[in-house]
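Presented below is the structure to which this report refers.
One is the number of the first residue; the rest follow in order along the sequence. The analysis underlying the following values was restricted to heavy atoms, covering all of them including side chains, and did not include hydrogens, waters or symmetry mates.
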Amino acid sequence: MTRLRGLDLLMDDTQPAQAQPTAGKLRGMDLLMDDGQPRPAPQPAAQPKPQQEEGWGEWMVNTVRGRQDPAYSGVGSVYDQFTEELRTPTANAAMAGASDPQMADIVRNALGDRVSRVEKDSMGRDVFVTRGPDGQEQKGYLNEPGLDSTDVFRGLYGSIPYIASASVIGKATKSMNWLAQGISQGLGAGATSVAGDLAQIPMGSEQGIEKEKAAINTGLGFAGPPVAAAGSALWRRFVTIPGMVDGAGKLTQRGIEAAQKAGLDPNDLTPDMAKEFATSYAKSGDAALAASRSAVEPMGVPVTQGQQSKRPFLLNQEEKLRRGIYGEKAEREMLGFDKLQSQRIEEATLGGGRGRRGVGETINPQSMGRADFRNIGENVQDTLRTARQNAKTAESELWETGGVKELAATDEALGTLRGRISSALSEETAFTPTGEKMAETIGQFAEKKLPVNEAGGIQLKQVQTVDQMRRRLLRDMKLAQPGEDMRQAGMIYDAFNDWIGESAEKSLLAGDPLAAAQLVKARSFARGVRELFSPTEAGGRTSTGARRLSKAMQGADSGEGVIQALLGSQGSRTAVEGTATALRQTKAILDQFGEEGGKQAWDDIRLAYWSRLVQDKNGELLGPQALTNNIKSALTNQRTVMMSLYSPEEMAQMRNLMRAVEVAAYKPPNASGSGYTAIEGMKEMFGKLLNLVPGNQLIRGGLEMTGLPAQVGAMRARKAMSQAVPVRRPNLTPAVTGAGSSQSRD
């Protein structure tokens with residue numbers, strides 16, 4: 001039943017009153033102009049109409065344009081009606097992130113009794129009914145339908161606190177994982193929302209703390225880091241990394257430029273290294289750190305966060321962990337890591353690692369990169385001797401076949417013999433005993449006085465063919481005394497053999513033409529064998545390399561001696577005279593006559609040289625600094641020897657090992673330890689002072705019993721030992737929370 005007002009009682013006709021719309025409140029002007037007739041009550045505010053279903057396109061258009069209520073068509077904004085009065089309070093409220101209900105309270109408080117009432121349109125929007133300057137009622141939306149400049153400015157103002165707090169939190173938590181960042185950003189956004197609500201209460205807001213808004217902003221703040229993590233991971237996966245390395249593992253032009261910027265030679269990067277460089281660079285944005293990771297990860301060498309980043313602060317923290325300043329558990333963790341790192345460096349240098357081949361193992365897979373100089377030397381010597389015998393056998397077979405033995409010298413050929421020998425001895429000033437004997441024999445042969453072998457009045461068959469003469473000279477040469485006698489005898493023997501070959505090539509030998517061709521072949525082969533096993537210098541002197549090779553084959557009486565003959569004295573890591581020549585000759589001999597064991601013998605020599613670079617006299621791996629210095633020196637100062645022994649790919653692997661060890665060997669600025677000793681002393685002194693505080697010992701004892709300090713130290717150590725690359729992610733939370741702060745406004 002409708003409540004009866006005073007006028008109804010006066011006009012009562014004793015009939016039940018019909019339910020009528022409630023009369024509007026009479027204002028002063030109404031009373032003065034009253035004509036005694038009842039005035040129609042104002043229509044009640046239109047109730048929100050049920051929203052019709054909209055398609056996606058229509059929904060988007062209406063969201064921007066605004067859903068209009070025809071009954072309030074043409075109604076403007078209350079801000080336009082009271083610009084001066086509302087400018088400051090609404091700006092402050094917007095800065096505090098006011099929602100529409102909070103803003104309505106603040107506007108009502110700012111306008112005071114100028115507000116007659118607040119209506120709602122069919123969409124549920126607040127419409128202020130106020131008295132204008134002329135005293136007449138006017139209507140104005142708190143928030144006009146659609147997107148307008150007021151909405152933009154409220155959004156900008158309202159996002160400022162969220163952007164500021166999210167930016168500060170982002171910088172403070174940039175080293176944390178996305179979960180910790182999300183929790184921090186969520187709490188920060190929620191706290192910013194609550195602080196804004198509290199700040200609006202003095203401005204006139206009666207809404208208090210809007211829990212729903214705080215919850216939404218907390219969720220938006222938490223969502224920022226995981227969204228950034230997922231987005232940046234996808235961006236790296238499909239954009240950044242493919243832009244730096246192709247599917248075959250080769251650096252693109254962009255990747256090459258980044259590698260060169262980091263001081264790397266792109267040609268030294270294997271596909272695994274190139275991919276690691278690209279991935280680390282995409283994550284961190286730090287070319288130097290990516291270069292460190294591209295060295296250590298493919299080589300299997302773990303490094304600390306300080307070593308890979310070279311940041312002094314992290315290096316100092318890690319040294320404190322090693323020295324027990326953060327507790328024994330942290331110290332054990334770090335020292336255990338250092339031991340593991342040394343083991344991995346040894347595996348990368350020599351071999352025996354899990355899933356990766358060390359340099360030594362690449363050089364000599366059969367020995368797994370571990371050099372036993374005694375066995376290696378004996379194997380090399382045996383293989384060289386076998387090769388020498390194989391060469392002799394092959395040479396003999398050529399001289400024994402095809403009628404070569406039956407070839408005789410014609411007069412024309414004999415006419416050139418003395419001149420050929422004289423030319424070979426043109427620099428000699430005197431005959432040695434054997435040289436003189438061989439020269440006399442050749443002279444007789446040139447005069448067709450066929451030499452005979454005679455002893456005790458017994459004569460053997462006369463020398464009639466060039467092959468018989470060659471064999472006689474060979475026997476004489478073998479009886480020569482070491483030194484000058486042997487040298488000159490060898491010169492005469494070689495000159496005679498050259499004369500045979502030249503005569504055969506000119507068809508000056510009597511006999512089968514095919515036999516002459518075979519002789520040319522045999523002579524050429526014999527010359528090649530001689531150059532392999534006994535190379536000479538200018539003037540016919542035996543080269544230093546040949547002497548080293550000869551000693552390795554015959555003069556060395558132990559496996560170590562064989563290696564020493566080829567590479568120098570035990571412990572030597574520098575190339576000595578004749579080393580490169582001896583190694584080249586050895587490689588050629590083993591390739592041509594070493595048969596199946598030739599490759600293994602050569603790999604043994606290569607491993608022996610590498611072992612001398614990276615191990616001390618006792619077979620222990622050198623320290624990181626000495627190791628890198630030796631490799632660098634060999635690659636720079638012994639390039640001829642290194643190129644004789646190793647392939648470009650193997651030398652690239654050595655350079656990459658050197659880079660990995662350099663990263664692992666990086667030390668803090670105060671590696672001497674004086675600073676850490678001082679810190680430990682201050683810690684002890686401070687602890688003694690705290691013991692003077694009543695109850696402190698009990699508290700400290702209880703804390704130690706919980707194991708919390710030890711766990712904190714161990715967590716520090718594990719973080720330092722982490723092989724993760726710090727990920728550079730964009731801080732999207734300021735944008736997310738800034739945009740989300742407008743969710744409470746229509």
Side-chain angles (χ1 to χ4, degrees), residues 268 270 272-273 276 292-308 318-319 322 332-376 560 563 567 570-573 603-635 638 642 645-647 649-667 671 717 720-723:
D268 284 348
T270 64
D272 287 345
M273 292 175 178
E276 181 62 32
S292 296
R293 292 304 310 173
S294 71
V296 300
E297 174 61 26
M299 298 301 293
V301 177
V303 294
T304 66
Q305 290 289 311
Q307 288 169 341
Q308 74 178 16
E318 290 161 7
E319 194 64 21
R322 288 188 184 91
R332 288 196 302 271
E333 293 267 7
M334 285 302 296
L335 294 180
F337 177 84
D338 291 344
K339 184 177 180 181
L340 175 65
Q341 186 183 75
S342 297
Q343 179 183 339
R344 293 290 185 263
I345 290 175
E346 182 173 358
E347 291 172 354
T349 305
L350 298 176
R354 293 166 291 182
R356 294 181 175 89
R357 297 180 71 176
V359 177
E361 193 173 356
T362 300
I363 292 170
N364 194 334
Q366 190 69 25
S367 69
M368 299 296 289
R370 309 289 167 158
D372 182 336
F373 288 97
R374 180 178 59 82
N375 292 336
I376 281 179
E560 292 88 341
I563 299 302
L567 304 179
Q570 181 68 22
S572 173
R573 299 185 186 90
D603 286 345
D604 286 344
I605 294 171
R606 298 186 324 124
L607 178 60
Y609 191 84
W610 173 249
S611 297
R612 287 193 170 193
L613 287 178
V614 300
Q615 291 177 297
D616 61 20
K617 293 182 179 180
N618 298 320
E620 297 294 329
L621 193 71
L622 296 173
Q625 194 61 52
L627 183 67
T628 56
N629 287 343
N630 279 358
I631 297 174
K632 186 179 298 184
S633 176
L635 291 170
Q638 303 171 37
M642 296 294 286
L645 288 168
Y646 307 112
S647 68
E649 293 76 18
E650 288 167 339
M651 287 191 286
Q653 188 182 13
M654 294 173 189
R655 283 190 289 270
N656 290 321
L657 169 68
M658 181 176 65
R659 291 198 300 115
V661 176
E662 284 177 339
V663 174
Y666 208 81
K667 297 295 182 184
M721 296 183 296
S722 170
Q723 301 303 293

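How far CD1 of I605 is from CG of L567: 7.5 Å, rounded to the nearest 0.5 Å. Distance CD/E560 to CG/N375: 9.0 Å, rounded to 0.5 Å. Taken from CG in D268 to CE in M658, the straight-line distance is 9.0 Å, to the nearest 0.5 Å. Rounding to the nearest 0.5 angstrom, the gap separating the CG atom in N630 from the CD atom in Q625 is 10.5 Å. The line from OG of S611 to CG of L350 is 6.0 Å long, rounded to the nearest 0.5 Å. Interatomic distance, CG of L657 versus CD1 of I631, reported as 4.5 Å (0.5 Å rounding).
Between L645 and E650, the closest heavy-atom pair is O-OE1, 4.4 Å. In terms of heavy atoms, I363 sits closest to L607 at CG2-N, 3.7 Å. Minimum interatomic distance between G306 and E318 (heavy atoms only, all atoms of both residues): N-OE2, 2.7 Å. Taking both residues in full, the closest heavy atoms of G351 and E361 are given as CA-OE1, 3.4 Å, listed atom of the first, atom of the second, then distance. When all heavy atoms of N656 and M299 are compared, the pair lying nearest together is O-CG, 4.3 Å. In terms of heavy-atom proximity, M273 sits nearest to S294 at CG-O, 3.4 Å.
Put simply, the side chain of T349 gets close to the backbone of I345: a donor and an acceptor are under 3.5 Å apart. In this structure, N618 contributes its side chain and E620 its backbone to no donor-acceptor pair below 3.5 Å. Within the 3.5 Å criterion, the main-chain N or O of M721 finds a donor-acceptor partner in the side chain of Q723.
Ring geometry, Y646 versus W610: the interplanar angle exceeds 60°, so the pair is classed perpendicular (tilted spans 30 to 60°).
Under the side-chain hydrogen bond (donor to acceptor under 3.5 Å, both in side chains) criterion, R332 pairs with no residue at all, not counting sequence neighbours. Taking the side-chain hydrogen bond (donor to acceptor under 3.5 Å, both in side chains) definition, one finds that D603 meets it with K599, R606, sequence neighbours left out. Every residue was checked against the side-chain hydrogen bond (donor to acceptor under 3.5 Å, both in side chains) condition with D272, not counting sequence neighbours, and none meets it.
By the 4.5 Å heavy-atom criterion applied to side chains, M334 and T304 are counted as neighbours. For the pair L627 and V614, the minimum side-chain heavy-atom distance is below 4.5 Å. With contacts defined as side-chain heavy-atom distances shorter than 4.5 Å, the pair Q341/V301 qualifies. Two residues are said to be in side-chain contact when any heavy atoms from C-beta on lie closer than 4.5 Å; R612 and I563 meet this criterion. Between D604 and N364 the shortest side-chain heavy-atom distance falls below 4.5 Å. You'll find the side chain of S292 stays beyond 4.5 Å of the side chain of Q307, heavy atoms only. In this structure, V296 and Q308 have side chains that are not in contact, with every pair of non-hydrogen atoms separated by 4.5 Å or more.
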For Q653 and E649: C-alpha separation, side-chain torsions, deciding distance, then whether side-chain contact (heavy atoms from CB on, under 4.5 Å) applies.
CA-CA 6 Å; Q653 188 182 13; E649 293 76 18; over 6 Å; no
Pair Q343, E347 - check side chain to side chain donor-acceptor pair (under 3.5 Å), show working.
CA-CA 6 Å; Q343 179 183 339; E347 291 172 354; 3.2 Å; yes
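A salt bridge between R659 and E662 is absent, with no side-chain N of the basic residue lying under 4.0 Å from a carboxylate O of the acidic one.
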